[in-house]
Amino acid sequence: MSANRIQHKVNHVALVVDCSGSMRPHQSQLIRVVDEFVAGLKAESDSLGHETRISLYSFDHRVENLVWDMDVKHLPSMRGLYQVNNGATALIEASLKSLDDLGHIWEEYGEHSFLQIVVTDGEENASGGDRRHDGDMAILGPWLDRITAKMGGLPGHWTSAILVPNSLAKRTAQNYGFPAGNIAIWDADSQKGVEEAIGTVRAAATSFLRGREHGVRGTKNLFAVGQDISVDEVRANLEPIPADKYRLLKVDKEVEIRPFVNSHPGVTYERGSCYYQLGARAQVQQNKGVIVVEKDTDRAYTGDAARSLLFGSGVQGTVSVKAGNNPKLEVYVQSRSVNRKLKPNTRLLIML
């Protein structure tokens with residue numbers, strides 16, 4: 001009997017969103033983009049045949065569960081659920097609470113994976129007591145010990161990620177135990193930044209769900225793209241570029257893009273004709289084209305479906321991504337800059 005049981009894939013996603021006073025300018029925008037993020041989870045889960053369940057938390061100096069482990073197909077809008085308050089930021093407490101809650105889910109049947117994504121625009125200042133008022137930073141010590149122990153002990157099928165407002169907050173998150181590859185920086189000072197953040201999260205969640213199809217149940221490199229696609233998927237979904245319509249140039253040292261192109265015979269720099277190889281984190285705007293290249297053959301592919309294949313269907317606006325490790329494929333992003341610095345040991349694709 002047990003030999004015939006269907007081991008279906010079950011994904012448990014916890015989205016933990018800052019609702020402290022500094023988030024007030026972004027409240028309506030955040031509601032809309034979180035709704036879009038959930039819509040993306042629905043679409044990707046349907047296409048893959050997964051069961052995806054979502055929990056929503058908000059936090060200021062208090063942590064509140066808004067939705068618990070609900071099928072994404074039945075999740076209502078965040079409108080009426082999420083509301084910004086005037087409190088401080090209990091970042092550690094919220095991160096721990098959502099992880100502890102997910103730990104109560106029974107995993108006996110099915111193939112389960114867990115994904116926590118925290119979104120904050122500030123620094124921890126309230127776990128164990130609101131230190132805006134009492135000034136007692138000593139309260140934080142036990143919470144630091146708890147979160148580092150929790151993060152260090154997460155099983156391999158658990159993924160914990162966070163979006164933070166600056167590089168200092170990124171270092172702090174690493175000290176808490178968030179893997180460096182699961183931390184992304186977003187612009188917390190503009191409504192556009194909020195939308196970009198959720199676009200980044202949505203692309204990451206899509207990559208996470210697709211990775212499950214390849215047997216990957218957890219990752220420490222969530223905010224990367226391209227590692228979860230195959231040559232067969234590229235050939236089936238994208239359009240091949242004729243070999244005489246592009247050139248690939250090797251970059252040996254850091255150099256500006258325009259003089260580098262103009263130094264090669266037979267090509268002249270033209271704005272928009274160059275595609276840099278994606279490596280370290282970059283902001284990829286919605287109007288930038290992307291090309292995928294087979295490493296073994298240098299065959300290049302592009303088309304309207306390229307962004308969806310890499311970032312997920314329905315992802316709008318700018319996404320903050322870096323290249324994942326794919327032994328068969330490379331990702332190239334369009335540049336319209338005349339002074340972009342090309343990195344050594346990469347390549348530049350030029351459309352002729």
Ring pair (Phe, Tyr, Trp, His ring centres under 6.0 Å) with [X]: which residues, sequence neighbours excluded?
{"X": "His26", "value": "none"}
{"X": "Tyr276", "value": "none"}
{"X": "Tyr332", "value": "none"}

Classify the side-chain pair [X]/[Y] by whether it contains a donor and acceptor separated by less than 3.5 Å.
{"X": "Asn339", "Y": "Ser337", "result": "yes"}
{"X": "Ser230", "Y": "Asp232", "result": "no"}
{"X": "Lys97", "Y": "Asn65", "result": "no"}

[X]: what forms a side-chain hydrogen bond (donor to acceptor under 3.5 Å, both in side chains) with it, not counting sequence neighbours?
{"X": "Lys9", "value": "none"}
{"X": "Arg79", "value": "none"}
{"X": "Asp298", "value": "Arg347"}

Please find the pair of heavy atoms, one from [X] and one from [Y], that lie closest to each other, and give the distance.
{"X": "Ser20", "Y": "Ala88", "value": "CB-O, 3.2 Å"}
{"X": "Glu124", "Y": "Tyr176", "value": "CB-OH, 3.3 Å"}
{"X": "Thr159", "Y": "Gly218", "value": "OG1-CA, 3.3 Å"}
{"X": "Leu348", "Y": "Cys274", "value": "CD1-CB, 4.1 Å"}
{"X": "Ile185", "Y": "Lys170", "value": "CD1-CD, 4.2 Å"}
{"X": "Trp68", "Y": "Ser55", "value": "CE3-OG, 3.4 Å"}

For the pair Gln116 (side chain) and Ala14 (backbone), establish whether a donor and an acceptor sit closer than 3.5 Å, ignoring hydrogens and angles. no

In terms of hydrophobic clustering (I, L, V, M, F, W, Y; side-chain heavy atoms under 4.5 Å; direct or indirect links), are [X] and [Y] co-clustered?
{"X": "Ile291", "Y": "Val333", "value": "no"}
{"X": "Tyr246", "Y": "Tyr269", "value": "no"}
{"X": "Val234", "Y": "Leu248", "value": "no"}
{"X": "Leu115", "Y": "Val216", "value": "no"}
{"X": "Tyr301", "Y": "Tyr275", "value": "no"}

What's the separation between atom [atom1] in [X] and atom [atom2] in [Y], rounded to the nearest 0.5 Å?
{"X": "Leu222", "Y": "Asn182", "atom1": "CG", "atom2": "CG", "value": "5.0 Å"}
{"X": "Thr297", "Y": "Lys328", "atom1": "OG1", "atom2": "NZ", "value": "10.5 Å"}
{"X": "Lys150", "Y": "Ile92", "atom1": "NZ", "atom2": "CD1", "value": "14.5 Å"}

Within the structure provided, determine whether [X] and [Y] are in side-chain contact (heavy-atom separation under 4.5 Å).
{"X": "Ile241", "Y": "Met351", "answer": "yes"}
{"X": "Ile162", "Y": "Leu91", "answer": "yes"}
{"X": "Leu209", "Y": "Ser45", "answer": "yes"}
{"X": "Glu256", "Y": "Lys341", "answer": "yes"}
{"X": "Asp244", "Y": "Leu352", "answer": "no"}

Any chance you could lay out the side chain to side chain contact (heavy atoms under 4.5 Å, CB included) test for Val84 and Tyr82, step after step, and finish with the verdict? CA-CA 7 Å; Val84 172; Tyr82 175 80; 3.7 Å; yes

Determine whether Glu64 and Arg62 satisfy the following criterion, salt bridge (Lys or Arg N to Asp or Glu O under 4.0 Å), listing intermediate values before the conclusion. CA-CA 7 Å; Glu64 184 179 5; Arg62 299 157 300 184; over 6 Å; no

Looking at [X], I want to see if its [atom1] is surrounded by more than 12 non-hydrogen atoms of other residues, nucleotides or ligands under 6.0 Å.
{"X": "Lys220", "atom1": "NZ", "result": "no"}
{"X": "Glu254", "atom1": "CD", "result": "yes"}
{"X": "Lys288", "atom1": "NZ", "result": "yes"}

With a 4.0 Å cut-off, would you call Arg210 and Glu44 a salt bridge? yes

Go through it in stages, so that I can follow the logic: the residues are Arg146 and Asp100, the test is side chain to side chain contact (heavy atoms under 4.5 Å, CB included), and I'd like the CA-CA distance, side-chain angles, deciding distance and then a yes or no. CA-CA 11 Å; Arg146 284 182 60 188; Asp100 288 343; 3.9 Å; yes

side-chain contact (heavy atoms from CB on, under 4.5 Å) partner of Ser113, the single match among His50, His12, Arg212, Glu107: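 With Ser113 as partner, His50, His12, Arg212, Glu107 yield a single side-chain contact (heavy atoms from CB on, under 4.5 Å), made by Arg212.
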
